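Some notes on the structure that comes next.
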Amino acid sequence: MIDLRFGTLLKRGVEEIIVEQELTKLLESGRCLRLKQGFDPSSPDIHLGHVAGLRKLRQFQDLGHKVILVIGDWTARIGDPSGQSATRPMLSPQEVEANAETYMKQFFKVIDKDKTEVRWQSEWYGRFTLDDVIRLTSKFTIAQLLAREDFNRRYSSGNPVSLTELLYPLLQGYDSVVIKADVEFGGTDQKFNCLLGRELQQSMGQPSQQVFLVPLLIGTDGSQKMSKSLDNHIAIDETPQEMYGKVMSIPDCLIIDYFELITDAPDEEIAAFKEQMNTGSVNPMNLKKRLAHEIVKQFHDNQAAIEAEEHFTKIFQKGEIPNNIPEYTFTAKYAQSGLYEVDIAPTLLQKELVKSNNELKRLLAQGAIELNGRKLSTSIVDAQDGGTLRIGKRCFIRMAINQAL
RNA sequence: GGAGGGGUGCCGGAGUGGUUAAUCGGAGCAGUCUGUAAAACUGCCGCCUGUUGGGCUACGUAGGUUCGAAUCCUACCCCCUCCA
């Protein structure tokens, strides 16, 4: 039954398609499809977790279809209740706009701008009347909305669920009606909202959209979905070095997923990687280096990927000091024979390299701070101009000494 | 409108007048080990400080009782459950 023409498109990195046959039919019809992708401008940064879905969109675009990017300037006010905490600070129109702009800049690193239509929810919700609200809400029951897993869980465990949150899926669904979506894309956590869009379209005399769900990428912590608020994410605008390093820090068990979801590595190759890992015939680290390279290359370029790899090898595998490290000025009390007595605390605190004095003491006590490779035990050190200070694993700085009188 | 339960540090969650900066778990940070993986072990994990010590801030908010409060009282705010 697998349609060979759409094999990879509909199989690789796809969690679920509702309804697959209908989507295949649509693809075969040769019509230019309207692919809906929503975005709430509450946090502008795109990370690798989003990329899985965006790459799919891109693949559809390459077949000639059109992406409709819906900027959720109204739903952002509610906040997607998929997480735990319900209330988020309201954003000002300026913030929304700035976020949307940043988002789009990143969005079009993956998506073809020429085949994209950008729509703001305020186009339609800006003129919504109570009459419209009542008509919209009358189509659904509490039970229907409580069927959604996270509402249900919160409700039955006695946590608050606000009325506006219940509205969220309705608004998202209505977006599909307005833009006449043929297919809506999202992570598996979007399933409920997307399905509700199908019902709404049908009840308003439109054909129901198909729902294309991609798996949620697990974050660098190896256990939870990648998200900015969990701080386990790799943003697509990170520096090559950061990006490379973060990919290297993911657990081995995620390597294959990452290859599948966010790289172009051919299926056969990935299958081979899998086999090699299972039989232990390859050091997973080498696969991970390959993965990190691919990813950096995708969002920067090949040269950047090579350099990031060199940097990684140098610093973390050979334990050397990086080439370009930031220089900070430290004030010395006095000097004798080329050595300055310096208290490193004020500068580190001022530059926020350590959070507080207590933190600094803790780091010192635990041997986390080195000067020229020697562990320090107090913040008062004898240093020469140009000495290298290392704080924790990854923070290096060069000391420029400024002698006070 | 009525009855009851609850708001504790990043999160979960103990603690019901003093030895509580607050048990415990998770997250996080650091060290050892290593492949900046996993696992493991160790230490830290509010802020300031003259650091085997001292001070400040903190248990929804504001007051009060007390030598002393997260713990008692009053008011207020918020959340949950049940009844109407």
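Keep in mind that what you see is a predicted model, and the values were worked out from it rather than measured. Quick note on labels: first sequence line is chain A, next is B, and so on, each numbered from 1.
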Taking atom P in both B:G60 and B:C10, compute the distance separating them and give it to the nearest angstrom.
13 Å
Assign A:Gly245 to base, sugar-phosphate, or nothing according to its heavy-atom contacts below 4.0 angstrom with the strands shown.
base
So what does A:Lys288 hit on the nucleic acid, given a heavy-atom distance under 4.0 Å: a base, only sugar-phosphate, or nothing?
base
List for me each residue that meets ring-ring contact (aromatic ring centres under 6.0 Å, His included) alongside A:Phe316, sequence neighbours excluded, and say none if there are none.
A:Phe312
Along nucleotides 40-49 of chain B, 5' to 3', which nucleotides get a B, which get an S, and which get a -, given that the test is a protein heavy-atom distance under 4.0 Å?
---BSS-BBB
Not counting sequence neighbours, list each pair that qualifies as a side chain to side chain donor-acceptor pair (under 3.5 Å) and has a residue in residues 100-111 of chain A.
A:Asp45-A:Gln106, A:Gln106-A:Asp237
side-chain hydrogen bond (donor to acceptor under 3.5 Å, both in side chains) filter on A:Asp301, not counting sequence neighbours, yields none
Check the distance between B:U34's P and A:Met248's CE and give it to me in whole angstrom.
17 Å
Toward the 5' end of RNA chain B, by each residue's nearest nucleotide, A:Leu230 or A:Thr220
A:Leu230
Looking at residues at least two apart in the chain, or sitting in another chain, which of them share a salt bridge (charged side-chain N to carboxylate O under 4.0 Å, His left out) with A:Lys56?
none
Using a strict threshold of under 4.0 Å (side-chain N to carboxylate O), is an ion pair present between A:Glu184 and A:Lys36?
yes
In short, ring-ring contact (aromatic ring centres under 6.0 Å, His included) pairs touching residues 194-225 of chain A with sequence neighbours left out are A:Phe60-A:Phe212, A:Phe185-A:Phe212
Pick the P atom in B:G9 and in B:U23, then give their distance to the nearest Å.
13 Å
Identify the pairs formed between an N or O of the protein and an N or O of nucleotides 7-12 of chain B at a distance under 3.5 Å, and give each distance.
none

Heavy-atom count check: over 12 atoms from other residues, nucleotides or ligands less than 6.0 Å from A:Lys314 NZ?
yes
In this structure, are over 12 heavy atoms from other groups packed under 6.0 Å from A:Lys274 atom NZ?
no
For B:C56 versus B:U19, give the span between their P atoms, rounded off to a whole number of Å.
16 Å
So, using side chain to side chain contact (heavy atoms under 4.5 Å, CB included) as the criterion, who are the partners of A:Asn358 when residues are at least two apart?
A:Ser356, A:Lys361, A:Arg362
Would you check, one step at a time, whether the test side-chain hydrogen bond (donor to acceptor under 3.5 Å, both in side chains) holds for A:Ser379 with A:Asp343?
CA-CA 5 Å; A:Ser379 70; A:Asp343 184 357; 2.9 Å; yes
Should the pair A:Arg58-A:Asp62 be classified as a salt bridge under the 4.0 Å nitrogen-to-oxygen rule?
yes
Rounded distance in Å between the P positions of B:U16 and B:G53
28 Å
5'-most contact on RNA chain B (nearest-nucleotide basis), A:Pro251 vs A:Asp221, goes to A:Asp221
Among B:A30, B:U81, B:A37, which nucleotide sits nearest the side chain of A:Leu363?
B:A30
Measure the distance from CD on A:Glu370 to P on B:A30 and round it to the nearest whole Å.
13 Å
Take atom P in B:U81 and the same atom in B:A69, then report the distance between them in whole Å.
35 Å
Starting from P on B:U36, measure out to CE on A:Met285 and report it in whole angstrom.
7 Å
So which pairs with a foot in residues 241-255 of chain A pass salt bridge (Lys or Arg N to Asp or Glu O under 4.0 Å), sequence neighbours left out?
A:Glu238-A:Lys246, A:Glu242-A:Arg394, A:Asp252-A:Lys288
Classify A:Tyr155 by what it touches in the nucleic acid, base, sugar-phosphate, or nothing, heavy-atom distance under 4.0 Å.
sugar-phosphate
Is the closest basic N to carboxylate O distance between A:Asp189 and A:Lys225 below 4.0 Å?
yes
Specify the separation, in whole Å, of atom CG of A:Leu364 and atom P of B:G31.
12 Å
Dot-bracket, RNA chain B: Watson-Crick or G-U, under 3.5 angstrom, [ ] crossing, | other strand?
((((((((.[[[..)..(.....]]].(((((.......))))).((((...))))...[[[[[..)....]]]]]))))))).
Tell me, yes or no, whether the heavy-atom count around A:Glu149 atom CD, taken from other residues, nucleotides or ligands under 6.0 Å, exceeds 12.
no
Which residue pairs pass the salt bridge (Lys or Arg N to Asp or Glu O under 4.0 Å) test when at least one of the two sits in residues 194-219 of chain A, sequence neighbours left out?
none
Compare side-chain N and O positions of A:Lys246 against OP1 and OP2 of B:A37 and report whether any pair is under 4.0 Å apart.
no
Between B:G35 (P) and A:Ile250 (CD1): distance, integer Å:
18 Å
In residues 254-265 of chain A, which residues come under 4.0 Å of RNA chain B by heavy atom?
none
